[in-house]
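Structure first, commentary second.
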Amino acid sequence: MEKFAQDIILKPVVTEESMMGTSMKKYTFIVAKDANKVEIAKAVEKLFGVKVKSVNTINVSGHLRRYGRFEGYKPSKKKAIVTLTEESKTIEFFDGMF
């Protein structure tokens, strides 16, 4: 079954550290847990019209959170750091963050 690009790239990560990477054409996204690097690269190219150089993925386990006497774990997720090629244009969504 074919996956849609919108099902692979779930949302962007907008933190201070991830915004520093945008100057080097590195963008961070939360992606589907079952997506591999090739699928992530194709989805970013399709959604944003850019050329992807490399993709690094990180599995982030859920952190323990407490609420009074109750405690539980936040859901785990998968992050992808996508590096674009030198001649590729930037992603406009991240340009408006500065």
Starting at [atom1] of [X], measure out to [atom2] of [Y] and round the result to the nearest 0.5 Å.
X: Lys46; Y: Gln6; atom1: NZ; atom2: CD; value: 6.5 Å
X: Met20; Y: Lys26; atom1: CE; atom2: NZ; value: 12.0 Å
X: Asn59; Y: Lys77; atom1: CG; atom2: NZ; value: 12.0 Å
X: Ile81; Y: Ile58; atom1: CD1; atom2: CD1; value: 4.0 Å
X: Ile8; Y: Ile30; atom1: CD1; atom2: CD1; value: 15.0 Å

Would a hydrophobic clustering, with Ile, Leu, Val, Met, Phe, Trp and Tyr connected at side-chain separations under 4.5 Å, put [X] with [Y]?
X: Leu84; Y: Leu47; answer: yes
X: Val44; Y: Phe93; answer: yes
X: Val50; Y: Ile40; answer: yes
X: Ile9; Y: Val60; answer: no
X: Ile91; Y: Val52; answer: yes

Residues two or more places apart in sequence or in another chain: which of them pass side-chain hydrogen bond (donor to acceptor under 3.5 Å, both in side chains) with [X]?
X: Ser61; result: none
X: Thr85; result: none
X: Ser88; result: none

**OP:** Write down the atom of Lys79, the atom of Thr28, and the distance for their closest heavy-atom approach.
**Re:**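 Closest approach of Lys79 to Thr28: CD-CG2, 4.3 Å.
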
**OP:** Would you check if the distance from the ring center of Phe94 to the ring center of Phe29 is below 6.0 Å?
**Re:**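 Distance test on ring centres: under 6.0 Å, yes.
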
Donor-acceptor pair, [X] side chain versus [Y] backbone, under 3.5 Å?
X: Glu71; Y: Leu64; result: no
X: Lys78; Y: Ala35; result: yes
X: Thr22; Y: Lys25; result: no

**OP:** Identify whether the distance between the nearest side-chain nitrogen and carboxylate oxygen of Glu87 and Lys51 falls below 4.0 Å.
**Re:**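 Between Lys51 and Glu87 there is no salt bridge, as every charged N stays at least 4.0 Å from the carboxylate O atoms.
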
Subject >> Tyr27 side chain reached by Val13 side chain, heavy atoms, under 4.5 Å >> reply: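 Contact flag for Val13/Tyr27 side chains = no.
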
